[in-house]
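Note that ligands are numbered from 1 as they come in the structure, with each ligand's atoms numbered from 1 the same way. Just so it is clear, the structure is predicted and the values come from calculations on it, not from any experiment.
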Amino acid sequence: MGPCRLTDETQKGVCGASRDLVAARNLLRMVAAGTASHCGHAQHILDFTGGVLPAGHIPEGGPGSQFLEISEALHQTSMGVGADPAELLKRCLKLSALDGLCGLSLATSLEDGHFGKPAAKKGKLNLSCLKTGQVNIAIHGHEPLLVEALAREAARHRDVNLVGVCCTGASLLSTLGVPLAAAFTLQEDVVATGIVEALVVDSQCIMPSLPDLCECFHTRLITTSELARLPGALHLPARSRREAASMARKAVEAARRNKKNRSAGAEKEFNDRVEKAKEAVVGFCEDNINVERIAGRLRTGALKGIIGAVGCVNPRAEAAGWIDAFRELSADHVILTTGCMAFELGRRGLLDGERIFHMGSCVNNARIAAAFRRLADLSGRKMAEMPFLVSCPMPITEKSVSIGLFFATLGCDVHFGAPFPINPHTGAAGTLAALLGKEFASTAMFESSPAAFLRTLRSPAT
Ligand code: MSK
């Protein structure tokens, strides 16, 4: 009796659950968690900005009904409730579509209302964005509530250098051009430089190791979200614009006071080790990538397709192999990228704004969906008839899974690398494929090897 992990299709749990049921349940729980993260993110921005819902973002059941859907998914997957894998998988797809509407797209619209739409610009990436001669403040997470106030406050002090980390950093880079020091896997390296006076975190993808790590250095850890409190951190909640301005002042003060605690050898060590900053072209969205030109090049065959390279990077996976694969594919595909994948491409100098476009943070995958929609409309075709693929090569978070399946519900083919969100050899994966094909004319590919992925994309049948 538990844990529900069946490895053989002939086995059943003591309760009678089959392997397909367990696989479908696990996938639905993952999608529910991913959808909750994005919808929660959007709701927090909505609350922060005064609660006015932009047009086009009301789910069928009315405002807030997405949260009931998430709750129903958790109920349906609890012991002794839903026992038909197909029904659970249908809910996976319904929730993923809701994630797109009430999570990614709503959060992106609200961020656009808050910061304005991004404009193409030059940006800088990697740890060299930190400055030994200045007070360094890094802001990390996903929900950019405090950031505008913090950027304004930082700009008032010539000795303060603000950098971003992870997806809050990707949003800041796209909108305000603030340099991006690191993504998820390298967040600890930011503190370990020894020259960061304050690390301000909001929510999601914040390693629980950070409090211990900050203890080893002088970095002041500051939390801003009630959901993502960390032991020992200074808590400066930012629940409204007015509160954000005051908290930003306190965060900057705390960082400036802390510079005297920087260890004596840290600056030399940093300067000796740090690599040169990588230049990137950033700030793209559906309004400023040249969709007419791309549609024209698709028509003539100069381009074979458009690939969304999205989601996380897994230190246990062959990240460099995936980057090489996308680099190679960019010869005859346009690559639109977000989140940690965008950072990985950027730190290798590949964000050129010609073949590979930085579209922002994870929730800004809504921008990729909007660009796909425009391209399909321009081509006079349905989304499913377009050569679109969204690849999530290292989906370590549930959010990556709901993002991938959201694109599948739009009619885009989707690829997941390892860890696979569902065992592709189960009947449940077959049922998922059948549902995607019948309802959305899309496919899901599961491939953990970059070389095999490339071979599949290069095969004449693809
Ligand atoms: S940050 S969700 S590790 S992309 Fe959006 Fe990166 Fe994945 Fe977090």
Side-chain angles (χ1 to χ4, degrees), residues 30-42 44-45 96 99-100 103-105 107-108 111 125-126 138-145 147 163-175 180-190 199-210 225 227-228 282 308-317 319 322-323 326 335-347 351 358-368 390-407 414-421:
M30 254 185 250
V31 170
T35 305
S37 303
H38 294 136
C39 292
H41 171 160
H44 296 154
I45 303 182
S96 302
D99 187 9
L104 311 180
S105 178
T108 299
E111 283 179 23
L125 298 102
N126 76 19
I139 183 149
H140 168 27
H142 279 71
E143 298 180 5
L145 301 182
V147 293
V163 303
V165 177
C166 218
C167 274
T168 289
S171 288
L172 266 182
L173 177 69
S174 301
T175 51
L180 181 61
F184 172 76
T185 49
L186 296 175
Q187 61 187 277
E188 291 164 311
D189 296 41
V190 175
L199 176 62
V200 183
V201 302
D202 52 70
S203 185
Q204 300 177 22
C205 297
I206 294 153
M207 287 189 184
S209 63
L210 291 179
S225 157
L227 290 185
V282 299
V310 307
C312 323
V313 172
N314 182 353
R316 292 164 63 192
W322 286 111
I323 300 303
F326 291 119
I335 312 281
L336 306 178
T337 184
T338 55
C340 288
M341 281 304 296
F343 178 80
E344 286 299 314
L345 289 158
R347 75 187 181 113
L351 294 176
H358 185 279
M359 305 289 277
S361 66
C362 291
V363 292
N364 299 153
N365 278 305
R367 303 197 199 288
I368 297 186
V390 169
S391 171
C392 228
M394 296 166 272
I396 54 172
T397 67
E398 295 108 338
K399 292 178 284 178
S400 291
V401 179
S402 56
I403 288 169
L405 290 177
F406 156 61
F407 279 102
V414 60
H415 158 245
F416 292 107
F420 295 149

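A search for salt bridge (charged side-chain N to carboxylate O under 4.0 Å, His left out) contacts involving E111 returns nothing, not counting sequence neighbours. H44 pairs by the ring pair (Phe, Tyr, Trp, His ring centres under 6.0 Å) definition with nothing, not counting sequence neighbours. Residues satisfying the side-chain hydrogen bond (donor to acceptor under 3.5 Å, both in side chains) test with S391, not counting sequence neighbours, are H415.
In this structure, the side chains of M341 and F326 come closer than 4.5 Å at one or more pairs of heavy atoms. Side-chain contact between N364 and M359 is absent, with no heavy atoms from C-beta onward closer than 4.5 Å. Contact check for I396 versus P419: side-chain heavy atoms found under the 4.5 Å cut-off.
Near-neighbour remark for atom 5 (Fe) of ligand 1: protein N, O or S atoms under 2.8 Å are H142 NE2, C167 SG, C362 SG; waters not counted.
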